[in-house]
Amino acid sequence: MKFSQLFIPTLRETPAEAEAVSHILMLRAGYVRQLAAGLYIYLPLAWRVMKRINAILKEEMDAIGAQEISMPGLHPAEIWEKTGRWTEIGDEMFRLKDRGGRDMCLGMTHEEIITWLASTEIRSYRDLPQMWYQIQTKFRDEARPKSGILRTREFIMKDSYSFDRDEKGLEESYQKHAEAYLRIFQRCGLAFYQVESDPGMMGGATAHEFMAPSPAGEDTIVICDKCGYAANVELALSIPPSQKDAGARRAVPLQEGQLEDISTPDKRTVAEVSAFLEADPSCFIKSLLLIGADGPFLALVRGDQELHEKKLQRIVGSFRPAQKDEIKDILGVEAGFIGPHNNKLKKIADISLKEGTYISGANREGFHTKGIKPGTHFDAEWHDVHVARGGDGCSRCGAVLREENVIEIGNIFKLGTKYSQPLRAVYLDENGVEKTIIMGSYGIGPARIAAAAVEQNNDKDGIIWPLGIAPFDVEIVVLAGDDKELAETAGRIYRGLQDEHFEVLMDDRNERPGVKFKDADLLGVPCQIIIGKKALKEGLVEFKIRKTKQTERIAPSDVVARVKQLYGKA
RNA sequence: CGGGGCGUAGCGCAGUUUGGUAGCGCGCACGGUUCGGGACCGUGAGGUCGGAGGUUCAAAUCCUCUCGCCCCGACCA
């Protein structure tokens, strides 16, 4: 296509509202424009990228036997009421009424709808398994849309759903998706990890996320380079480094094995007491009084660790922090001075506390206690309830974990019967017995793939698209648009590339060379064919790789072969 | 929802403290000269200063309310 006939509104300056690299570059290079918070218009270039990503998605989904369908974006409330999510989900759901006053919503996802479909159509074990997918718009009234295309209120998603007779079937569908996802992200040229994730509100037992490392990412994962363990910090296990020596002796009382109260007036937080006593935070026990379904209990983590509420919730069910007066009523002291010893409350302690001697609140106003030995001075249920961090040990092999910020680009969930049961998606098995369909749900955000690709592949001059998803394969830069000879050479190369099914952008604009070079680098098409008078005098054109800026002078007749070589089609 | 920042020409910004009727750079249009890394000269178009109300002889500027956008946090099928 001719640049002069395409709408590519590049910007010389960075719009003030953009912060993330991908957001800045996609605005500057004329890919997207913002309509409102979290709502973006995809201009021709961005839409071409999206189409390419979607084509890869379709190929790989079709390859595992999934069938493309299309479901409405507007849903009746009734179905969402049946699964309970109409009330479970709060402001994040866009809700509206139709003219008849019926409650409706804009679909945030399609488990309900597809399960309804399955419930009405699937009768027999002979109908299973099935895998259905769509590439469709989702609506979520995000509390805080951000980072351009990364977190929006309306976005396209590839979502697929598997329907199986049993767990074994689900496992197969799940693995097929995992493998397809690996191929998809590879073809899109992304660096990514597959990590264990929290099933969250989706329900079900197993879930994985596909994560593209980027500073713009909103999620954090820990990775073990030795054994391959990788998990979202929402559930990652780890072994915190052992108690630090710095000031550790201060945790030891004058008489070994005894407890010793020390005056710590007005020192309440770990940071304050740690500074006051000159002992490392890892020498303290942080005691948090929480109220669970069975009454109050103490959660204990080491002073240098953070309590992971979701992990704790999985162990004890839902809980809430105790209020100030509740703490006084139960322990007789204010929050800054509570400790695990000398009380009979149930205790859940983090595994990092198993060894060592500690200081904690004395359960006495203005005092802390030294010499507390877990197991000796208090008993507890031991669990991993701290937040895993880089530098911790791997819970599987002990090697040091690494931490990285990542963009979630895809996820896969084993749903089980979470949706099929309330919506009565059932079938009759070989023995005529009614069984509930076992489901899985699998999502990919194409816009996030695009954004992650830009985040991972750019330099000071602009975007550097991975080969598989660039808006064009080749950009021909014709340095003097009005020169006949240049135009003819460009035309020949253009047709030659098209004959080999390459997507070619030809910058035929009547612009100065500098402008064309700058725009070409900004747009990020993987390779450029530069046609200028100088080289052409010698019968040559230039072949430039966007990523390395390496330039080769080659004969016009060799261009097609050189491009084919770059794209591995030689 | 809590905290912070910002709304002035298409984009980036100045002007707001101390009220006097809006300016700079880029971009855009036209003419000319240029033409291998965002050219130069000249001419010109373009703004109810986010909106509403108020104070005042006079409001971009002061006051009240309101809307929008961005960032941090909470939240996040």
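Reminder, nothing fancy here: chain letters follow the sequence lines and each chain counts from 1. Just so it is clear, the values below take in all heavy atoms, side chains as well, and ignore hydrogens, waters and symmetry mates. None of these values were measured; they are calculated from a predicted model.
What separates CG of A:Asp91 from C1' of B:A77 is a distance of 15 Å, to the nearest Å. When rounded to the nearest whole Å, the span between NZ of A:Lys460 and P of B:G38 equals 12 Å.
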Treating primed atoms plus P, OP1 and OP2 as sugar-phosphate and everything else as base, which nucleotides of nucleotides 23-31 of chain B get B, S or - for protein heavy atoms under 4.0 Å?
--BSS----
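Across B:C71, B:A77, B:C35, the shortest atom-to-atom separation from the side chain of A:Thr109 is found for B:A77. Among the nucleotides B:G36, B:A39, B:C75, the one closest to the side chain of A:Ala143 is B:C75. Checking B:A39, B:G36, B:A77 against the side-chain heavy atoms of A:Val515 singles out B:A39 as nearest. For A:Ala16, counting side-chain heavy atoms from C-beta on, the closest listed nucleotide (B:A77, B:C72, B:C13) is B:C13. When distances run from any side-chain atom of A:Glu19 to the nucleotides B:C71, B:A77, B:G37, the shortest one goes to B:C71. Between B:A77, B:C71, B:C13, one nucleotide has an atom nearer to the side chain of A:Lys146 than all others, and that is B:C71. Checking B:A74, B:G36, B:C11 against the side-chain heavy atoms of A:Pro15 singles out B:C11 as nearest. In the set B:C70, B:G37, B:A77, B:C70 carries the atom at the smallest distance from any side-chain atom of A:Glu17. Residue A:Phe413 places its side chain closer to B:A77 than to any other of B:A77, B:A74, B:G37.
Nucleic acid contact class of A:Asn411 (heavy atoms, under 4.0 Å, all strands): base. When heavy atoms are screened at a 4.0 angstrom cut-off, A:Ile531 is found touching no nucleic acid atom at all. A:Ala37 comes within contact range of the sugar-phosphate backbone alone, with a heavy-atom separation under 4.0 Å but no base atom that close. If you check every strand for non-hydrogen atoms under 4.0 Å, A:Ser147 touches sugar and phosphate atoms only. At a threshold of 4.0 angstrom between heavy atoms, the contacts of A:Glu218 with the nucleic acid are absent. Nucleic acid contact class of A:Ala18 (heavy atoms, under 4.0 Å, all strands): none.
Under the Watson-Crick and G-U wobble criteria, each requiring two contacts below 3.5 Å, nucleotide B:C26 is paired to B:G10. Pair check for B:U16 finds none; no Watson-Crick or G-U wobble contact set falls under 3.5 Å. The nucleotide B:C1 finds its pairing partner in B:G73, both defining distances of the Watson-Crick or G-U wobble pair being shorter than 3.5 Å. Look at B:C49: it lacks any Watson-Crick or wobble partner with both distances under 3.5 angstrom. Base pairing analysis places B:G36 opposite nothing; no Watson-Crick or G-U wobble pair with both distances below 3.5 Å involves it. When both distances must be under 3.5 Å, the Watson-Crick or G-U wobble mate of B:U61 does not exist. Across all strands shown, B:G31 forms a Watson-Crick or G-U wobble pair with B:C41, both key distances being under 3.5 Å.
Taking atom C1' in both B:U18 and B:U61, the straight-line distance is 10 Å, to the nearest Å. The C1' atoms of B:G12 and B:C57 are separated by 37 Å, rounded to the nearest whole Å. Here, B:G4 and B:C13 have their P atoms 22 Å apart, quoted to the whole Å. For the C1' atoms, the distance linking B:A59 with B:U48 amounts to 14 Å, nearest Å. Comparing the P positions of B:G42 and B:G27 gives an interatomic distance of 15 Å, to the nearest angstrom. Rounded to the nearest Å, the gap between the C1' atom of B:C69 and that of B:C63 is 24 Å. Taking atom P on both B:G25 and B:C72, the two are 34 Å apart, rounded to the nearest angstrom.
Judged by distance alone, with hydrogens and angles left aside, A:Glu542 brings a side-chain donor or acceptor within reach of the base of B:G36, the pair sitting under 3.5 Å. Interface remark: the A:Lys544 side chain does form a donor-acceptor pair with the B:G37 base, using a distance-only criterion of under 3.5 Å. Remark: the A:Asp519 side chain and the B:G38 base include a donor-acceptor N/O pair separated by less than 3.5 Å. The base of B:G38 sits within donor-acceptor range of the side chain of A:Arg28, with an N or O pair under 3.5 Å.
Checked by atom type and distance alone, the side chain of A:Glu404 never pairs as donor or acceptor with a backbone atom of A:Pro213 at under 3.5 Å. Not a single donor-acceptor pair under 3.5 Å links the side chain of A:Ser197 to the backbone N or O of A:Asn232. A donor-acceptor pair is defined here as one N or O able to donate and one able to accept, closer than 3.5 Å; such a pair exists between the side chain of A:Arg448 and the backbone of A:Leu150. Counting only distance, with no hydrogens or angles, the side chain of A:Arg153 and the backbone of A:Ala37 share a donor-acceptor pair below 3.5 Å. At least one donor-acceptor pair under 3.5 Å links the side chain of A:Asp350 to the backbone N or O of A:Val385.
Between A:Phe163 and A:Trp132, the ring-plane angle classifies as tilted under the 30° and 60° cut-offs. Using bins of under 30°, 30° to 60° and over 60° for the plane-to-plane angle, the ring pair A:His110/A:His75 lands in the perpendicular bin.
Counting heavy-atom neighbours within 6.0 Å of A:Glu306 CD, excluding the residue itself, gives a total of 12 or less.
Each of A:Lys518 and A:Gln34 was matched to the nucleotide of RNA chain B holding its nearest heavy atom; the match closer to the 5' end belongs to A:Lys518. Taking for each of A:Ile530 and A:Ala36 the nucleotide of RNA chain B with the nearest heavy atom, the 5'-most of the two is the partner of A:Ile530.
Taking the side chain as every heavy atom from C-beta outward, A:Asn54 and A:Lys158 never approach each other to under 4.5 Å.
Each of A:Arg85, A:Lys418, A:Lys138, A:Lys82 was checked for a salt bridge (charged side-chain N to carboxylate O under 4.0 Å, His left out) with A:Glu111, and the lone residue meeting it is A:Arg85.
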